S.K.: 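There's a structure below that I have some questions on.
Worth knowing before you read on, the calculation uses all heavy atoms, side chains too, and leaves out hydrogens, waters and symmetry mates. All values reported here derive from a predicted model rather than from experimental measurement.
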Amino acid sequence: MGNPIAVSKDLSRTAYDHLWMHFTRMSSYENAPVPTIVRGEGTYIYDDKGKKYLDGLSGLFVVQAGHGRRELAEVAAKQATELAFFPVWSYAHPKAVELAERLAHYAPGDLNKVFFSTGGGEAVETAWKLAKQYHKLNGNHTKYKVISRAVAYHGTPQGALSITGLPALKAPFEPLVPGAHKVPNTNIYRAPIHGDDPEAFGRWAADQIEQEILFEGPETVAAVFLEPVQNAGGCFPPPPGYFQRVREICDQYDVLLVSDEVICAFGRLGTMFACDKFGYIPDIITCAKGMTSGYSPIGATIVSDRIAAPFYKGDNTFLHGYTFGGHPVSSAVALANLDLFEREGLNQHVLDNEASFLKTLQKLHDLPIVGDVRGNGFFYGIELVKDKDTKESFTDEESERVLYGFVSKKLYEYGLYCRADDRGDPVIQLSPPLISDQSTFDEIEGIIRQVLSEAWSKI
């Protein structure tokens, strides 16, 4: 036997040496400490030095019910002692069955079939593969293309990354999966047309999808992937009537409508599924993050009976799966988390408080650097500008120096964990746990005000 591994007391140094962090410029930590979070309680997290931070991003749009929920941990432990693992490859286990039924109950229309994965990117990958095969089983062998929106993020697997509308994220890995096409998003703050008329802008934005379908040829387009509120770029809500028009277009050209709700489902906007809030029924819903409030990883692709029907005939098989999809522990935790949602009325809490959250953030409009505050539910973006009147944005150099070099670091230093992002125009994104209240909103606004007031002098 070899010698036991010595446990390092310098977690930060060990993190740099061995932990390859995701979406991280590793060189930035060569001579600087890696922020290390060791504990969470309610809406707060604590680092290895004992410093307290408000979790303004729910981890990564995940921790809906808040940190430190002992009941969810206990459910995980109980399930692990009964059945820690079994795949859903030609077999079932009780918790996956119960969770699939529960999700089908929450989902709108006839979305009754649930295909489990371990995260959102896998759920999106599943949806594209399923859409392609669905059309082939119906005899439409040339329908394989997908349409999504500019600046939208849909995940990192090869297919999901192709659907993603962020060129800089894709460039290192090209060529990607062919057939992914982009249309304008719903950022009315920077609308090229109808910026003063939300309904007209929504109609225009939806009609761009029809134009793209016609340009590519309806016989080649399989699906449209849209987030209810687009995350990347800073929380773009849909204009009035947008999704109703998109639904009409998809029906007209036999194109599947995929509602990518990896962020927006499970209470982020105050409803179990965000499509309900905006009054449309998709063919497929992709979801993940908040299903367990992050206490165990899981994702799902929820499919309408109509789309699933050909897969349930003869020897047709969806040749796709994940070892840990529908994991017993994750499924059990998800069920307990959804029980908690209902018991504590988390969705209604968001609906009751979203207006006051937005109103609190809108106070920041008096700062010269704040151009727009937008979003829905407990999901908001604050767009930063150099000039309110012209909406002039930062240069690349200014984003690097001001957004990353100053704003991002100062927010964290002053006790707010959130995201400063320039995948599009520079924004601060906020997505606190669903248990947040007015005191949380005030604390967020206060810290952001302090940091942005200082940042203005750096431009």
Side-chain angles (χ1 to χ4, degrees), residues 11-13 15-17 19-37 45-49 51-61 151 153 166-172 187 189-190 231-235 361 364-375 380-388 390-432 443-459:
L11 282 177
S12 175
R13 190 68 240 171
Y16 176 75
D17 288 342
L19 178 63
W20 198 332
M21 289 168 283
H22 299 197
F23 281 95
T24 299
R25 190 181 297 175
M26 293 299 295
S27 64
S28 62
Y29 293 121
E30 184 175 5
N31 298 302
V34 176
T36 304
I37 303 301
I45 51 175
Y46 299 79
D47 68 14
D48 55 344
K49 306 293 191 298
K51 185 176 177 180
K52 177 181 177 182
Y53 306 83
L54 177 61
D55 183 358
L57 205 62
S58 298
L60 195 62
F61 316 103
V151 196
Y153 176 84
L166 294 157
L169 262 60
K170 298 190 287 186
N187 182 6
Y189 180 66
R190 296 193 176 277
N231 168 39
C235 302
L361 294 178
L364 297 166
H365 271 304
D366 66 354
L367 299 176
I369 197 173
V370 174
D372 194 27
V373 178
R374 55 181 177 254
Y380 292 102
I382 301 167
E383 183 170 334
L384 309 183
V385 293
K386 286 200 296 185
D387 188 308
K388 277 181 180 287
T390 65
K391 302 182 183 178
E392 183 183 359
S393 192
F394 294 0
T395 64
D396 289 345
E397 183 275 330
E398 287 164 339
S399 276
E400 183 71 28
R401 178 170 50 83
V402 179
L403 194 68
Y404 293 118
F406 183 81
V407 172
S408 185
K409 293 177 181 177
K410 280 294 180 182
L411 288 169
Y412 189 71
E413 180 184 321
Y414 289 174
L416 175 61
Y417 165 73
C418 61
R419 171 184 272 177
D421 191 6
D422 71 343
R423 297 178 301 174
D425 295 297
V427 295
I428 294 172
Q429 283 187 293
L430 298 162
S431 178
E443 186 173 354
I444 289 172
E445 191 271 344
I447 294 173
I448 292 176
R449 175 174 294 277
Q450 184 177 1
V451 171
L452 292 185
S453 296
E454 295 177 24
W456 183 245
S457 65
K458 307 289 182 183
I459 297 176

S.K.: Side-chain contact, heavy-atom cut-off 4.5 Å: Tyr404 with Asp421?
M.R.: yes
S.K.: Spell out, as yes or no, whether a donor-acceptor pair under 3.5 Å connects the side chain of Thr24 to the backbone of His22.
M.R.: yes
S.K.: Spell out, as yes or no, whether a donor-acceptor pair under 3.5 Å connects the side chain of Lys51 to the backbone of Gly415.
M.R.: no
S.K.: Looking at Ser58 and Ser431, would you say the former's side chain and the latter's main chain have a donor-acceptor pair under 3.5 Å?
M.R.: yes
S.K.: Say whether, by atom type as modelled, one donor and one acceptor occur between the side chain of Lys410 and the main chain of Gln450 under 3.5 angstrom.
M.R.: no
S.K.: For residues 452-459, please give each side-chain donor-acceptor pair under 3.5 Å, one per line with the distance, not counting sequence neighbours.
M.R.:
residue : atom : partner : partner atom : Å
Ser453  : OG   : Arg449  : O            : 2.7
Glu454  : OE1  : Tyr414  : OH           : 3.2
Glu454  : OE2  : Tyr414  : OH           : 2.9
Ser457  : OG   : Glu454  : O            : 2.7

S.K.: Which residues satisfy the salt bridge (Lys or Arg N to Asp or Glu O under 4.0 Å) test with Asp422, sequence neighbours excluded?
M.R.: none
S.K.: Would you say that Val151 contacts Leu166 through its side chain, given a criterion of any heavy-atom pair below 4.5 Å between the two side chains?
M.R.: yes
S.K.: Where do Leu19 and Tyr29 land on the side chain to side chain contact (heavy atoms under 4.5 Å, CB included) test, with the steps shown first?
M.R.: CA-CA 11 Å; Leu19 178 63; Tyr29 293 121; over 6 Å; no
S.K.: Residues in salt bridge (Lys or Arg N to Asp or Glu O under 4.0 Å) with Glu398, at least two apart?
M.R.: Lys386
S.K.: Return the minimal non-hydrogen interatomic distance between Ser393 and Pro426, and the atom names on each side.
M.R.: OG-CD, 3.1 Å
S.K.: Got a sec, which residues hit ring-ring contact (aromatic ring centres under 6.0 Å, His included) with Tyr412, two or more places apart in sequence or on another chain?
M.R.: Tyr53
S.K.: Identify, with sequence neighbours excluded, every residue that meets salt bridge (Lys or Arg N to Asp or Glu O under 4.0 Å) alongside Asp425.
M.R.: Arg190
S.K.: Would you mind reporting whether Leu430 and Ile448 have side-chain heavy atoms less than 4.5 Å apart?
M.R.: yes
S.K.: For Arg419 and Leu60, work out which heavy atoms get closest and say how close.
M.R.: NH2-CD1, 3.6 Å
S.K.: If you round to the nearest 0.5 Å, how far is CD1 of Ile428 from CG of Leu384?
M.R.: 5.0 Å
S.K.: More than 12 heavy atoms of other residues, nucleotides or ligands under 6.0 Å from NZ of Lys409: yes or no?
M.R.: no
S.K.: Heavy atoms only: give me the nearest Leu169-Pro172 pair and the separation to one decimal.
M.R.: O-CD, 3.7 Å
S.K.: Given side chains that start at C-beta, do those of Tyr380 and Ile444 come closer than 4.5 Å, heavy atoms only?
M.R.: no
S.K.: Report yes or no: does Lys49 contribute a side-chain atom to a donor-acceptor pair with the main-chain N or O of Thr36 at less than 3.5 Å?
M.R.: no
S.K.: Look only at the side chain of Ser408 and the backbone of Leu403, and say whether a donor-acceptor pair between them is shorter than 3.5 Å.
M.R.: no
S.K.: Say you draw a straight line from CH2 of Trp20 to CE of Met26; how long is it, rounded to the nearest 0.5 Å?
M.R.: 8.0 Å
S.K.: Dump the intermediate steps for side chain to side chain contact (heavy atoms under 4.5 Å, CB included) on Asn231 and Gln429, then the final yes or no.
M.R.: CA-CA 9 Å; Asn231 168 39; Gln429 283 187 293; 2.6 Å; yes
S.K.: Output the distance between atom OG1 (Thr395) and atom CD (Glu400), rounded to the nearest 0.5 Å.
M.R.: 10.5 Å
S.K.: Name all residues meeting the side chain to side chain donor-acceptor pair (under 3.5 Å) criterion together with Arg374; count only those two or more places apart in sequence or in a different chain, and write none if there are none.
M.R.: Asp372, Glu383
S.K.: Verify the neighbour count for atom CG of Asp396: are there more than 12 heavy atoms of other residues, nucleotides or ligands below 6.0 Å?
M.R.: no
S.K.: So how far is it from Met21 CE to Phe23 CZ, rounded to the nearest 0.5 Å?
M.R.: 14.5 Å
S.K.: Checking side chain to side chain contact (heavy atoms under 4.5 Å, CB included) against Tyr417, which of Leu54, Ile37, Ile45, Asp47 comes through?
M.R.: Ile45
